[in-house]
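To start, the structure under review is shown below, and the notes come after it.
Along the sequence shown, the residues carry numbers beginning at 1.
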Amino acid sequence: MLRAGTALTCLACRKLVTTSPGVRVPLQTLNPLSRAIHHRGSPGTSLHRAPPRSAVRHFNSLSRPPLRPARPLPRGPGFQPRRSFWVARLATRLLRLRYLLLGSAVGGGYTAKKTFDQWKDMVPDLSEYKWIIPDFIWELDEHIDFEKIISALPDAEELAKLLPDFEKIGENFSFLKGLVSKESSGESTFRTTGNQGFDSNDKQYKKGLLGELILIQQQIQEHEEEARRATGYNTSSSQQKRKVSDKEKADQLQEELLRTQMKYQRMLERLEKENKELRKVVLQKDDKGIHQRKVKKSLIDMYSEVLDVLSDYDSNYNTQDHLPRVVVVGDQSAGKTSVLEMIAQARIFPRGSGEMMTRAPVKVTLSEGPHHVAMFKDSTREFDLSKEEDLAALRHEIEIRMRKSVKEGQTVSPETISLSVKGPGIQRMVLVDLPGVISTVTSGMAADTKETIFSISKAYMQNPNAIILCIQDGSVDAERSIVTDLVSQMDPQGKRTIFVLTKVDLAEKNLASPSRIQQIVEGKLFPMKALGYFAVVTGKGSSSESIDSIKDYEEDFFQNSRLLKTGMLKAHQVTTKNLSLAVSDCFWKMVRESVEQQADAFKASRFNLETEWKNNYPRLRELDRNELFEKAKNEILDEVISLSQVTPKHWEAILQKKLWERVSTHVIENIYLPAAQTVNSGTFNTTVDIKLKQWTDKQLPHKALEVAWETLQEEFARFMSEYKGKDQDDIFDKLKEAVKDESIKRHKWNERAEDSLRVIQHNALEDRSITDKPQWDAAIQFMEETLQSRLNDTESVIKDMVGPDWKQRWLYWQNRTPEQHVRSETRNELERLLKVNEDHTAYLANDEVTTVRKNLEARGVEVDPILIKDTWHQLYRRHFLHKALSHCNLCRRGFYYYQRHFEDSELECNDVVLFWRIQRMLGITANTLRQQLTNTEVRRLEKNVKEVLEDLGENNEKKVQLITGRRVQLAEDLKKVREIQEKLEAFIEALHQEK
C-alpha cells in the first residue's frame, strides 16, 4: 500500500518538473526531502540504501539551506533508522497550501487582467466622433438634473439585450485566430489589405471590435485565396471537409458581424433620438431662461456666411472663390436630389416624373440644431420639416424661386438659391445641388440647355478645393453615363472626388453579373479616379416615402444583400449614413487646408483696392452703393418737403397763367369770336352763356386739373434740379430723375376734385356783376393784353405765310418762295375785299371765293380755294382784333354806362364783361387748385416719393443701374473684400478653437 501511494505521488511530482517528450530527468534534480519521503518505494529506484551525501548539495526554490552540516547516518547491517513521517507529512501539506494560495492569486489576477483587456478592446472607440456633440451638451449638467433623467432610462437588463453576444464573438475570434495561425505554420497572415473605401491611408478601421472583425474578414478572404493557390484542387477528402467546415464558420462569423453592426446602428439611432428630445427640453426651459442667453454662432453658419458674401462679390482683381464646398453632380434622374435629401434627413426638393426639376443651383448649408427646420437666406420664415404642410410649402417655394430665376427663353439658370437646414444629428457641411447633366435636348427646352448645364457644372467643379460628389445611377448601364467623363476632365487624379452608386437594389436585381457592381465600387470599371466609393439605396422610387422608411428599407436591403455577405461590398462603403460621415470629414479636412490661403489672397486684394482709392479719391469718403443711396434719399426727401414751403401767391400766379395759356385759344376762337358776330347785346350774352355752359360741363374742369398736375410736376422738377446743398453730388442725377418720373407716374389726382371744381367754375362764370371801377379797369387791362397777344401772334403767322416784305428783300437779300408769292397775292386781294366791307362776316361765301380766284388767275396766279379760305381766316382775325382793341379803348370810360345797364347810350361793353367773368373764373379756379395742391396733392406726392425710394432700396438691380461709376464700384469692392476678410478671420479663429 505504501508503494502504491508512493507511485501516485511520483506521478504528481513529475508534473511539477517541466519536461519535454523524450527527455528524462534524473531523480537527483528533486528536493532531497521529497526524494526521501516519496521515492523510497518507487519502481524507478533501487531498493538498497541511499549512497552517502556529498559535500556539494543541490538547492532549489523549494528547499532551504541547512544551518549546519548534516551529520552522516550510521550504517550497519542491522541498523534501522528512526523516521518521523507525521512531521514530514504536516510540513508538506503546509507548504502545498501556501503555494496553492499563491498560485491561485497570481492566476486569478492574470485572468482578470486578460478579461478586462478583452472587454476594453471590444468597446468601440468613439473619441473620433467627439466633435459631433455640440458645445452646449457639455454644459447640460449645469442646467439639467441628470439623476431624474437616468432614473427615467430603461433598466440595465433591457440595455443588455441590445448588446452583442461578446462570448460567442470571442470564441469565433479565437477559433479564427487559431485557424489562421495553424495554416500559416506559425507565421501571421493578418496584414492590412488595400482599402478601396474612403481615405485608405488615414481612415482605416483599426479601433474597436467592428474594425477588427472587418480586418479579419478581409484577411480570411486573402488567406483562403493564397491557400487555394498553394494547395490546388488535389487535396484529400478530409481536407475538403475541413475547408467546408471552416467556410461555414466564416459565414456564421460574417452574419454575426452584420447583426452586431445593425444592433450598434440601432443603438446609435436610439441615442440620437433621446439626444434630440433632451435638446428640445433644454431649449424649451422658459422658466430658467436658457433660451434667452446669447447663442454662439456655429462654425458651419460662419462659413456659409462667407460663401454667401462671395457669391455676391464681383471680383475685378482676379481674387477667385476657391473655398471648399461639396458639389453634387450627376446625370438627370440619377438620384442626386434623393441622396441630398437623405443627408439632410428631409424631403425638401420638388419632384417630377422624368422631367427636369433642378433648374438652378441650390446651396444647402447643413448644420446641427435642436429643431429640424429650414430657412432661405433672404427670408425670415422657418419651415418646420417635421410637419408635412411645411415640407410641401418649402418644396413649392423652391420651385417658384427656380422658375423666377430662369430668364425668358431659357431652361436653366446660373443664379444660386441659398437654403439652410438644421436638425439633430445632421453632419455639418455646405452642398450645392446642380442641374442634372443631359445628353439630348428635348422639346420644350432651350437649344443651349445642354451647354448651359455643362458650363454651370464646370464653373463649380473647376474650384480646386471643391469636393465633387459624383452620383451614378446603378440601375442603368454604366456606359450611358455622361457625368463620369465630365468629372474625369475636372479632377483627373481623383483627389477630391467621391463616387456614389445609387439604386443598388435595382442593380442587384437586374444585373446578371453582380461582380460588375464590385468593379464599379472598386474603381475598375470607369476611367475616373476617386477618393472613395459608396453604394446607397434611396428608397423604392415613390415620392410619398418618408426618410425613416427609406432608412429602414436601406438597412434591411444591405443586411440581406448578397453583395455584402459575399464581400463584394465592404460594410463602411454602404448606407447614406456612412456616406454623409465621409463627405463631412473630407469637407472639413479641405476647409482646414485651404481657408488660410484664401484669407491671405483677400488680404492682398484689399491692399490693392485701398491704394487705388487713396490715389484717385483722396478727399472723399468710401461710400458704397447703399450708403450713397441713403444720402440721395435724404436729399430727395428734403426737396419734396420744400414743395410745402411754396407761397400761396406763387402757386396761384403760376396756376392762373398756365390755365389761361391752355384755354385762351378756345375762349377767343369758340366763344368770343362767334358771339361778336351777333347783331345786338342780348344775342351776344345768350351766345356767351350757352358757350360757357358747354365749356364748363365738358372741358374746363378737366383742363384745370391737367394744368394743376403739370404745375406740380414742373415745380417738383425745378426743386430737384435747383437744389444745391453742400454735399451735392452729380452721381445722384440719374437716380433723382428716375424717382421723379416714377413718383409722377404713380400719382393719381383725387377723382372727386373734378366734380367739385366744375360746380365752382360754373358759379364763377354765372356772375356778371362788376362791383367797382378797379375791377372794371382790371377787366379792360386783361382784355387788352389778351387781344394784343393774339394780334401779335396773328401778325407773325401772316408774315410767315406771305414771306419777307420789300424792305427785307432789299436790305437782307431775302426772297419769297413760290407759295409765299401766291399767298402774298391772295392777301392783297382779300385786303381789298375787307376795305370794301369792314363789317364782313367771319366766313367767305362761295361766290366770293370764286371771284377772288378768278381775279388772281387774271393776274397769272393759280390759287386753290382752300388756300384762299386759310388766308382769309388769318386776315379776318387780324381785322377783328384791331376792331376789338379799338372798342376796348372806348370802353375804358364805360363803367358808368355799365352801372346803368347801358341805357341811353350807344356804347355796349359786353365783351369787357365776358373777359371779367373769365378773369374771375381763372382766379377762383387757381385758388381752389392751390388749396388742393398744398393740402392734399403735395402730401400724396411726398408719400409716393417715399414709396418709390423704398422700392428702389429693396431692388439691388435698379440701384446698380441708377448709381454707377468707377468710384461706386471701387467702394463696393472695398466693402465686400473687407467683409470677406473679417468673416474669414473670425471663422479661422473659431476653427482653431475647435481643434
Side-chain angles (χ1 to χ4, degrees), residues 262-277 279-280 328 330 333-355 357-358 362 364-375 381-399 419-427 429 431 433 469 471 473-475 500-506 509 534-561 574-581 583-584:
M262 293 306 174
K263 286 182 180 179
Y264 181 69
Q265 188 70 23
R266 283 193 292 268
M267 288 179 64
L268 286 179
E269 291 177 356
R270 181 177 176 183
L271 291 175
E272 286 178 359
K273 291 181 180 179
E274 294 177 355
N275 192 16
K276 179 179 178 181
E277 295 297 329
R279 290 174 182 170
K280 288 183 179 180
V328 186
S333 302
K336 297 186 296 76
T337 303
S338 299
V339 172
L340 189 54
E341 287 180 338
M342 290 294 292
I343 295 176
Q345 300 180 16
R347 309 298 293 270
I348 58 178
F349 291 103
R351 296 185 168 274
S353 179
E355 61 177 324
M357 297 305 297
T358 306
V362 181
V364 183
T365 303
L366 300 179
S367 59
E368 191 175 21
H371 304 286
H372 204 184
V373 295
M375 181 188 298
R381 178 185 177 184
E382 276 191 352
F383 296 88
D384 189 352
L385 302 183
S386 61
K387 298 180 181 179
E388 187 58 36
E389 55 270 18
D390 279 19
L391 276 173
L394 177 61
R395 290 191 291 264
H396 182 66
E397 181 67 20
I398 293 176
E399 185 175 2
L419 178 70
S420 63
V421 177
K422 297 182 179 181
I426 296 180
Q427 299 300 318
M429 68 186 91
L431 302 101
D433 186 21
L469 194 62
I471 309 298
D473 189 352
S475 63
V500 181
L501 186 67
T502 61
K503 306 177 184 179
V504 182
D505 52 342
L506 299 179
K509 187 185 300 182
F534 289 87
V536 299
V537 175
T538 56
K540 301 178 182 179
S542 174
S543 60
S544 61
E545 288 182 284
S546 65
I547 295 296
D548 293 335
S549 62
I550 295 176
K551 285 183 178 180
D552 295 339
Y553 175 73
E554 184 182 41
E555 180 182 339
D556 294 340
F557 169 76
F558 284 116
Q559 185 176 6
N560 301 320
S561 174
V574 297
T575 70
T576 52
K577 182 72 174 178
N578 292 334
L579 171 65
S580 62
L581 289 172
V583 174
S584 179

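- Residues V421 and Q345 fail the side-chain proximity criterion, which asks for heavy atoms closer than 4.5 Å.
- Note: L419 CG to T365 OG1 = 8.0 Å, rounded to the nearest 0.5 Å.
- When all heavy atoms are compared, the tightest approach of L385 to A346 is CD1-CB, 3.8 Å.
- Considering all non-hydrogen atoms of both residues, G539 and D505 come closest at O-OD2, 3.8 Å.
- Using a distance-only test at 3.5 Å, with no hydrogens or angles considered, a donor-acceptor pair links the side chain of S420 to the main chain of M375.
- Using a 4.5 Å cut-off on side-chain heavy atoms (C-beta onward), V574 and V504 make no contact.
- Under the 3.5 Å distance criterion, the side-chain polar atoms of R347 are matched with a main-chain donor or acceptor of E545.
- A donor-acceptor pair is defined here as one N or O able to donate and one able to accept, closer than 3.5 Å; no such pair exists between the side chain of S584 and the backbone of M429.
- Of all non-hydrogen atoms in D473 and S333, the two that sit nearest each other are OD2-O, 3.9 Å.
- Taking CG from L394 and CD from E389, the interatomic distance works out to 12.5 Å, rounded to the nearest 0.5 Å.
- Distance check, rounded to the nearest 0.5 Å: CZ of R381 to CD of E397 gives 7.5 Å.
- Residues satisfying the side-chain hydrogen bond (donor to acceptor under 3.5 Å, both in side chains) criterion with T575, sequence neighbours excluded, are N578.
- Taking E388 as the reference, R395 meet the side-chain hydrogen bond (donor to acceptor under 3.5 Å, both in side chains) condition, with sequence neighbours excluded.
- With sequence neighbours excluded, the residues forming a side-chain hydrogen bond (donor to acceptor under 3.5 Å, both in side chains) with S338 are R351, listed by chain and number.
- Within a 6.0 Å sphere centred on NZ of K503, heavy atoms belonging to other residues, nucleotides or ligands number more than 12.
- Annotation: the span from E555 atom CD to K577 atom NZ amounts to 12.0 Å, rounded to 0.5 Å.
- Not counting sequence neighbours, the partners of E399 by the salt bridge (charged side-chain N to carboxylate O under 4.0 Å, His left out) test are R403.
- Using a distance-only test at 3.5 Å, with no hydrogens or angles considered, no donor-acceptor pair links the side chain of Q427 to the main chain of V583.
- Remark: T576 engages M342, V536, E554 in a side chain to side chain contact (heavy atoms under 4.5 Å, CB included) (not counting sequence neighbours).
- Rounding to the nearest 0.5 Å places CZ of F534 at 11.0 Å from CD1 of I471.
- Nearest heavy atoms, P424 versus P370: CG-O, 3.7 Å.
- Listed here is the closest heavy atom pair of V537 and I550: O-CG2, 4.1 Å.
- Taking D433 as the reference, K336 meet the salt bridge (charged side-chain N to carboxylate O under 4.0 Å, His left out) condition, with sequence neighbours excluded.
- Within the 4.5 Å cutoff, the side chain of L469 has heavy atoms near those of the L579 side chain.
- Annotation for A344 and L366: closest pair CB-CD2, 3.8 Å, computed over non-hydrogen atoms.
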Please test V364 against I343 for side-chain contact (heavy atoms from CB on, under 4.5 Å), starting from the C-alpha separation and ending with a verdict. CA-CA 11 Å; V364 183; I343 295 176; over 6 Å; no
